[in-house]
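A short worksheet on the structure shown next.
Because the structure is a prediction, the values reported are computed rather than measured. Keep in mind that the numbers below use all heavy atoms, side chains included, and drop hydrogens, waters and symmetry copies. Reminder, nothing fancy here: chain letters follow the sequence lines and each chain counts from 1.
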2 protein chains.
Amino acid sequence: MPEILKTHIARFISLKGEDSSQVLSFFQSIHLKKKQNILSEGQVCKQHYFVEKGLLRMFYINDKGVEHTIQFALENWWLTDLMSYQDRRPSGFYIQAVEATELMAINLEDQEKLLEQYPVMEKYFRIIFQKAYAANQLRIKYIHDLSSAEMYDRFAGQNPAFVQRVPQYLLASFLGFTPEYLSELRRKKLS
Amino acid sequence: MPEILKTHIARFISLKGEDSSQVLSFFQSIHLKKKQNILSEGQVCKQHYFVEKGLLRMFYINDKGVEHTIQFALENWWLTDLMSYQDRRPSGFYIQAVEATELMAINLEDQEKLLEQYPVMEKYFRIIFQKAYAANQLRIKYIHDLSSAEMYDRFAGQNPAFVQRVPQYLLASFLGFTPEYLSELRRKKLS
DNA sequence: CGCGGGTTTGATGATGCTCAAGCCCGGTGG
DNA sequence: CCACCGGGCTTGAGCATCATCAAACCCGCG
C-alpha cells in the first residue's frame with residue numbers, strides 16, 4: 001500500500017526526500033470495502049481522493065431511480081465531485097468502491113495549506129487537472145460521434161482488462177445505455 | 001483590447017504591477033474575422049487561446065461530413081485542443097471564430113518559460129483547469145440524463161443571451177442533435 | 001438447496017435521424 | 001432599386017436506434 005502516491009507525484013515534480021514525506025503527511029489513508037460509499041447525494045464532498053489500489057466510480061440516481069456512472073477512477077487516478085468540493089456545496093453524486101479499495105484523501109483546508117507550504121504542488125495539480133480535462137475533451141467527442149455499438153466496441157477494444165473487471169451493468173451505465181441493450185450488442189458481436 | 005487577460009489573472013492570483021506586465025509579454029494578441037480558422041484538422045495545435053472579445057468554437061467533421069461542436073469559448077474563457085497542444089500531436093479538430101474575435105495566445109515553449117519564471121502562474125492555470133474540469137463533470141451528467149428537448153430547454157433557459165448570439169445549427173451541433181430536430185423542438189415550444 | 005443479483009431474450013414503442021422539398025430573408029450585383 | 005441568389009430555417013414522411021417492461025434464466029453464495 002505504501003508510497004504509491006509519492007511515486008505518482010514524483011512522476012511530475014521533484015521534491016527533496018524530507019519534503020516528500022512532509023507532503024504525504026497532509027493525506028489520510030482510507031480503506032473501502034466493495035460497494036461502500038464514501039460520498040452520498042446531499043452531502044458536501046469534503047475530500048479529493050487518489051486511488052492507490054482498487055476502483056471507484058462516481059454516479060448519480062435520476063428521478064426514475066436509474067444509476068448513471070459519470071466516471072471511474074482506477075489506480076493512480078484522482079476523483080472527486082469538484083463542484084461540491086471547491087464550493088462546499090451539497091453534491092448530487094455518490095462515490096462508491098466497485099472493489100475493495102485503498103485511497104489517499106485530502107480535504108480542502110489541508111489542500112490549501114499544502115499548496116501554500118509547497119507551491120510546487122500547484123504544478124502537480126495543474127498537470128493532473130490538465131490531463132483530466134484533455135481526456136474529457138476526447139470523451140465528449142466520442143459521445144457525440146459514436147453510436148452505442150461503436151462506443152462499446154471502442155471501449156472494449158482499448159480497455160479489455162477493465163471490461164473483465166466490472167459487471168456489465170456498470171459498463172452500460174457508464175457508456176450511456178441500458179444493460180439490456182448491451183446484452184443485445186454482445187450477442188450480435190458473437191455471430 | 002486592453003488588459004482583459006491581466007484582469008482575469010488578477011481575479012485568481014496577485015502579481016506585483018511590473019510582474020503583471022512581464023507576464024503579459026509572453027502572450028501574443030490575435031484578431032480573427034468571422035468564420036476564420038485558427039486551427040485546422042491535421043495541424044498541431046500550437047497555442048492556448050484566451051478570448052478577450054468575441055466567440056470561438058472547437059469542432060470536428062465526422063466521416064459523413066457533419067460538423068460537431070465540442071465546445072464554445074466566450075469572453076474570459078480559455079480554449080485549445082489540449083491533447084494536441086500538450087503532446088504536440090496533430091489535432092482532429094478545428095478552432096474557428098463564430099464572430100470577429102480578439103484573442104491572447106501563448107505557445108507551449110513560452111508557457112513553460114512563463115511557468116518557470118513565475119511559478120505563481122501554475123496556480124492560475126491550476127484553477128483554470130480545475131474549473132473547466134468541474135464544468136465538464138456537470139456536462140457529462142446532463143448528456144447522460146437529459147433528452148434532447150430537456151437539453152435545449154435547460155441550455156436556452158440558462159443562457160438566453162448566448163442563444164441569441166449563435167445560429168441554430170451551431171447550437172444543435174453543440175447540444176448533440178440535428179438542426180431539423182431543433183426546429184421541431186422550437187415549434188412545439190410555442191404551442 | 002434455494003435465494004437473489006446479474007444477464008439474456010423478445011415485443012412494443014418513443015425518440016431523434018435522414019432525405020427531400022419549400023420557404024424566408026438578407027446580401028450582392030446589375 | 002430591384003432581382004436573384006444562397007444560406008439557414010422549417011416541414012413532413014419514413015426509418016433506425018435504443019428504451020421500456022416483463023419474463024426467464026444462470027450461477028455463485030449463504
Between dT7(C) and Arg186(A), is there an OP1 or OP2 to side-chain N/O distance shorter than 4.0 Å?
-> no
Which of these nucleotides, dT10(D), dC18(D), dC9(D), is closest to any side-chain atom of Glu180(B)?
-> dT10(D)
For Tyr181(B), report the nucleic acid contact type (base, sugar-phosphate, nothing); a contact means any heavy atom under 4.0 Å.
-> base
Provide, to the nearest angstrom, the distance between the NE2 atom belonging to His144(A) and the C1' atom belonging to dG16(C).
-> 14 Å
Send over the distance from Glu150(A) CD to dC17(C) P, rounded to a whole Å.
-> 15 Å
Whole angstrom is fine here: how far is it from CD in Gln168(B) over to C1' in dT11(D)?
-> 15 Å
Return the nearest nucleotide to the side chain of Lys35(B); candidates are dG8(D), dG16(C), dG6(C).
-> dG8(D)
Residue among Ile4(A), Ile106(A), Ile128(A), Leu103(A) satisfying side chain to side chain contact (heavy atoms under 4.5 Å, CB included) with Phe50(A) | Ile4(A)
Length of the OH-P vector between Tyr169(B) and dC17(C), whole Å | 18 Å
Sugar-phosphate only, base, or nothing, as touched by Thr178(A) at under 4.0 Å among non-hydrogen atoms | base
May I ask you to say what Glu184(B) touches in the nucleic acid, namely base, sugar-phosphate or nothing, with a heavy-atom cut-off under 4.0 Å?
-> nothing
For Lys141(A), does the NZ atom sit with more than 12 other heavy atoms under 6.0 Å from it, leaving out its own atoms?
-> yes
Which heavy atom of Leu74(B) sits nearest a heavy atom of Arg165(B), and at what distance?
-> CD2-NH1, 3.2 Å
What is the distance from NZ of Lys64(B) to C1' of dC19(C), rounded to the nearest Å?
-> 14 Å
Regarding His144(A) and Tyr60(B), is there a side-chain donor-to-acceptor distance under 3.5 Å anywhere?
-> no
Kindly point out which of dA19(D), dG8(D), dG6(C) is positioned nearest to the side chain of Phe177(A)?
-> dA19(D)
Taking atom P of dT11(D) as reference, at what distance in whole Å does atom NZ of Lys188(B) sit?
-> 12 Å
Taking only Lys NZ, Arg NE, NH1 and NH2, and the carboxylate oxygens of Asp or Glu, determine whether Glu3(B) and Lys6(B) approach each other closer than 4.0 Å.
-> yes
Whole angstrom is fine here: how far is it from CG in Leu146(A) over to C1' in dC17(C)?
-> 16 Å
Tell me whether the OP1 or OP2 atom of dT17(D) has a side-chain N or O from Ser147(A) closer than 4.0 Å.
-> no
Round to the nearest Å and state the distance from Leu182(B) atom CG to dT10(D) atom C1'.
-> 11 Å
Select base, sugar-phosphate, or nothing to describe what Lys34(A) touches, counting heavy atoms under 4.0 Å on all strands.
-> nothing
Would you say a side-chain N or O of Arg187(A) is under 4.0 Å from OP1 or OP2 of dT7(C)?
-> no
